[in-house]
Amino acid sequence: MVVSVYNFAHGLLTDPADVVTLIIRTINTLVISLAMYELGVGVDKEYSTVKKGETIFQNTRRTITRFVGTVCIALVLEALIMIIKYSQLDLAGNLYYPIGIIVACSFLLCALGGFLRLTAHAE
């Protein structure tokens, strides 16, 4: 997060005319930092002590759900940023990439739903 704030301030001082691209880059960096933070929280919970009454399977199931949800949010935000960027640069032919990301994210959410359905009896 500190890097994105620094890059934003440095970009404003260096080239104040290109504010839109600077904002898009800052949001992109913040989305990546959010996904990395969520992964770190999941890893920390995975290796910390198990709470009373909670099995490692329940903890892993909850961690996977949280992480996949965060990744899907990051992917959709990245696709929306790409759509905005391509529309500003008149590169409509490159819209296949963000659409592919959104379709892959929907598949990932469906797979998460299948995983949660198949493992529902374990709780």
Side-chain angles (χ1 to χ4, degrees):
M1 289 178 51
V2 173
V3 170
S4 65
V5 171
Y6 171 76
N7 287 339
F8 183 74
H10 181 47
L12 279 179
L13 295 174
T14 307
D15 187 17
D18 199 18
V19 175
V20 175
T21 304
L22 185 62
I23 290 173
I24 290 173
R25 285 184 190 158
T26 304
I27 291 173
N28 189 14
T29 306
L30 288 173
V31 166
I32 291 170
S33 68
L34 174 67
M36 288 177 58
Y37 173 76
E38 194 64 38
L39 178 62
V41 167
V43 168
D44 179 52
K45 285 190 176 192
E46 182 72 27
Y47 291 108
S48 65
T49 58
V50 178
K51 294 179 184 174
K52 194 179 265 188
E54 182 180 78
T55 65
I56 191 72
F57 183 75
Q58 292 170 334
N59 189 15
T60 303
R61 187 172 186 253
R62 186 174 40 252
T63 301
I64 288 173
T65 304
R66 182 183 300 132
F67 178 69
V68 170
T70 303
V71 167
C72 286
I73 290 170
L75 284 173
V76 168
L77 286 175
E78 184 70 26
L80 292 176
I81 289 171
M82 286 174 71
I83 289 171
I84 292 169
K85 186 176 181 180
Y86 289 156
S87 66
Q88 287 178 345
L89 299 174
D90 292 328
L91 297 172
N94 291 339
L95 288 178
Y96 294 113
Y97 301 117
I99 297 212
I101 291 173
I102 292 174
V103 169
C105 186
S106 357
F107 178 74
L108 185 61
L109 280 176
C110 289
L112 176 64
F115 170 75
L116 292 176
R117 174 75 175 131
L118 292 173
T119 59
H121 68 280
E123 297 229 12

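Since we're looking at a predicted model, the values are computed, not measured.
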Checklist line | Single-linkage hydrophobic cluster, 4.5 Å side-chain cutoff, Ile81 and Val19 together | finding: yes
Notebook entry, point to check: Could you state the interatomic distance from NZ (Lys85) to CZ (Arg25), rounded to the nearest 0.5 Å?
Noted result: 6.5 Å
Notebook entry, point to check: How long is the span from the CD1 atom in Ile83 to the CD atom in Glu78, to the nearest 0.5 Å?
Noted result: 11.0 Å
Margin query: As an exercise, state the distance from CG of Leu112 to CD1 of Ile64, rounded to the nearest 0.5 Å.
Written below: 8.5 Å
Checklist line | hydrophobic_cluster_shared for Val5 and Leu12, side chain cutoff 4.5 Å | finding: no
Check: In this structure, which one of Val76, Leu75, Leu77 forms a side chain to side chain contact (heavy atoms under 4.5 Å, CB included) with Ile73?
Finding: Leu77
Checklist line | Verdict with reasoning, Asn7 to Thr26, per side-chain contact (heavy atoms from CB on, under 4.5 Å) | finding: CA-CA 7 Å; Asn7 287 339; Thr26 304; 5.7 Å; no
Check: What's the spacing between Ile27 CD1 and Ile84 CD1 if we round to 0.5 Å?
Finding: 7.5 Å
Check: Would a hydrophobic clustering, with Ile, Leu, Val, Met, Phe, Trp and Tyr connected at side-chain separations under 4.5 Å, put Leu30 with Tyr37?
Finding: no
Check: Can you tell me if Thr14 uses its side chain to pair, donor with acceptor, with the backbone of Gly11 under 3.5 Å?
Finding: no
Next item on the list: Decide whether Val71 and Val103 are clustered together by the hydrophobic rule: side chain heavy atoms of Ile, Leu, Val, Met, Phe, Trp, Tyr closer than 4.5 Å, transitively.
Entry: no
Check: Can you name the residues that form a side chain to side chain contact (heavy atoms under 4.5 Å, CB included) with Tyr86, not counting sequence neighbours?
Finding: Met82, Leu91, Asn94, Leu95, Tyr97, Pro98
Next item on the list: Identify whether Leu116 and Leu108 are in the same connected component of the hydrophobic contact network (ILVMFWY, side-chain heavy atoms under 4.5 Å).
Entry: yes
